Number of protein chains: 2
Amino acid sequence: MRISQLSAVSGVPIPTIKYYLREGLLPAGEQTSATRAEYGERHVRRLRLIRALLEVGRLPIAAIRKVLAAVDDETLSMHLVLGTAHYALAPAVEPHPDDEAWREARSEADRLIAELGWRIDAQAPTRDELAQVILTLSRLGMPATGEALRPYAEAAMELVMEHEIGTISLDRTREEAVETLVVGTVVHGRALDVLRRLAQESTSAQLFGISGT
Amino acid sequence: MRISQLSAVSGVPIPTIKYYLREGLLPAGEQTSATRAEYGERHVRRLRLIRALLEVGRLPIAAIRKVLAAVDDETLSMHLVLGTAHYALAPAVEPHPDDEAWREARSEADRLIAELGWRIDAQAPTRDELAQVILTLSRLGMPATGEALRPYAEAAMELVMEHEIGTISLDRTREEAVETLVVGTVVHGRALDVLRRLAQESTSAQLFGISGT
DNA sequence: ATTGTTGGATAGTACAGCTAGCCAATGACT
DNA sequence: AGTCATTGGCTAGCTGTACTATCCAACAAT
């Protein structure tokens, strides 16, 4: 398969494929001559993965590069690869350790995680992200204690256990399993987000009416 | 309160405040002379709202402007204001009606919504967003039927009913209530997303171990 | 021999979200 | 009254991201 066919099959324009090659998101094809290279099924799959992370997961190119590097590194455990994806998904929230309100939010986040008995790396940026959410909620005068977030945490845990990680079949190649897991993380996240907004719209329509106050 | 104090209180730099004023995100202060304007508590609250939508909700400036315009328009019903926020949160997914796979994903999305009995506007962009997620899932070989997404939908609905819209107290000014509802939409979305990733990390740590396959 | 494609490289584009600089009017302080 | 910092309003510039566009020489196909 030459680059033009790869482009046709994947729907990604040739210049963009070249860009991904340059950026190291897509491995080079097999060079058959100075001006020919052969691409295969693996490249098609990788392109699908890139587009999923980009369009659905909204990951920046640099983050996608890191995730793919982890996927390709066969010495990494499943847990570490997934951790890389989680890290990439966590928007860079810079903590302000000298801010009293921030420290409080952060310890509320840590407390919630501890109470749930979750095993989370002490350095995980997700902790800071949770703290930022708690801080924002409290600044806006909304319930922001661990107690208020508990139902969300429990619902999240149940979905993850029963429908995401639990259903990963390990009877494939490592690469496929890892890809499925990583992309599943991202796409299920958006699925839940979209469904939540739909649930809100529906509830809002019933409570407030199509035309009303 | 002058602009420098507004900046100090809110933590937003003066040039950025000027930028928000130019962009119409922040109403002008009350002019007391040609070179003085007075800002009040309302501006501080509006800035908090902007930063929440921007940093936590990741809404682009243009979308924030539309949301705030809806919040300020007293003739709009709660439902319409919330709809504006939902519309702003839905990333522009352009549907490809001439693509067979797309049409199938879209009708699967519509079917799920219908089966759940949800009241969703036929034109809602969220329908397309759901279709895109379904399409991506199926392209990646993952379960993407309405059935597979049902548990997510039900969990989302329960959270929305019991902890978001249900708890809105209507004993405030319309502006406050609307602001709370809109920002709650956004921030609870992130809260759920963060907690889901944490649940994944924890589950992954237990299943795959800190060091393992 | 002609025509068209390819890989590789460089440069340019479009948008977003600020950030910087300037200016004259003004207010606060001495 | 004189000095000095601040303000609003303006225009321009900056940084980062994700592409596009163009060019070129080497090759392959006919």
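The basis for the numbers below is simple: all heavy atoms, side chains too, and nothing from hydrogens, waters or symmetry mates. Keep in mind the model is a prediction, meaning the values are calculated, not measured. Just so we're on the same page: letters track the sequence lines, and every chain starts at 1.
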Exercise. Look at all strands and tell whether P60(B) reaches a base, only sugar-phosphate, or nothing, counting heavy atoms closer than 4.0 Å.
Key: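 Result for P60(B) = sugar-phosphate.
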Practice problem: Identify whether any heavy atom of L21(A) sits under 4.0 Å from a base atom; if not, whether one sits that close to sugar-phosphate; answer base, sugar-phosphate or nothing. | Solution: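 The residue L21(A) makes no contact with any strand.
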Is the distance from OP1 or OP2 of [N] to the nearest side-chain N or O of [X] less than 4.0 Å?
| X | N | answer |
| --- | --- | --- |
| S33(A) | dA26(D) | no |
| Y19(B) | dT11(D) | no |
| Y20(A) | dA18(D) | no |

Exercise. Run the salt-bridge test on R103(A) and D99(A) with the 4.0 Å N-O cut-off and return the result as yes or no.
Key: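 Result for this pair is no, no salt bridge flagged.
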Quiz item: Does the pair E201(B)/R127(A) count as a salt bridge with the N-to-O cut at 4.0 Å?
Solution: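 Answer for the salt bridge query: no.
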Quiz prompt | Residue mapping more 5' on DNA chain C - nearest nucleotide basis, I14(A) or R22(A) | solution =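 In this pair, the answer is I14(A).
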Please pick, from [options], the nucleotide with the shortest atom-to-atom distance to any side-chain atom of [X].
| X | options | answer |
| --- | --- | --- |
| Q31(B) | dA28(D), dG9(D), dG7(C) | dG9(D) |
| P13(B) | dT19(C), dG7(C), dT26(C) | dT19(C) |
| T35(A) | dT7(D), dG8(C), dC27(D) | dC27(D) |
| I61(B) | dA11(C), dT7(D), dC18(C) | dC18(C) |

Quiz item: So, Y152(B) and E164(A): side-chain donor and acceptor under 3.5 Å apart, yes or no?
Solution: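 Indeed, the side chains of Y152(B) and E164(A) share at least one donor-acceptor pair under 3.5 Å.
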Self-check item: Between Y39(B) and R46(B), a side-chain donor and acceptor under 3.5 Å
Solution: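 Not at all, the side chains of Y39(B) and R46(B) share no donor-acceptor pair under 3.5 Å.
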Quiz item: Start at the 5' end of DNA chain D and walk down; is the nucleotide closest to R2(B) or to T16(A) reached first?
Solution: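 The residue mapped nearer the 5' terminus is R2(B).
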Quiz item: Where each residue is assigned the nucleotide of DNA chain D containing its nearest heavy atom, which of A28(B) and T32(A) is assigned the position nearer the 5′ end?
Solution: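 Taking each residue's closest nucleotide, the earlier one in sequence belongs to A28(B).
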Exercise. Check whether the side chain of R58(A) and the base of dT17(D) form a donor-acceptor pair under 3.5 Å.
Key: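 Side chain to base: no pair below 3.5 Å.
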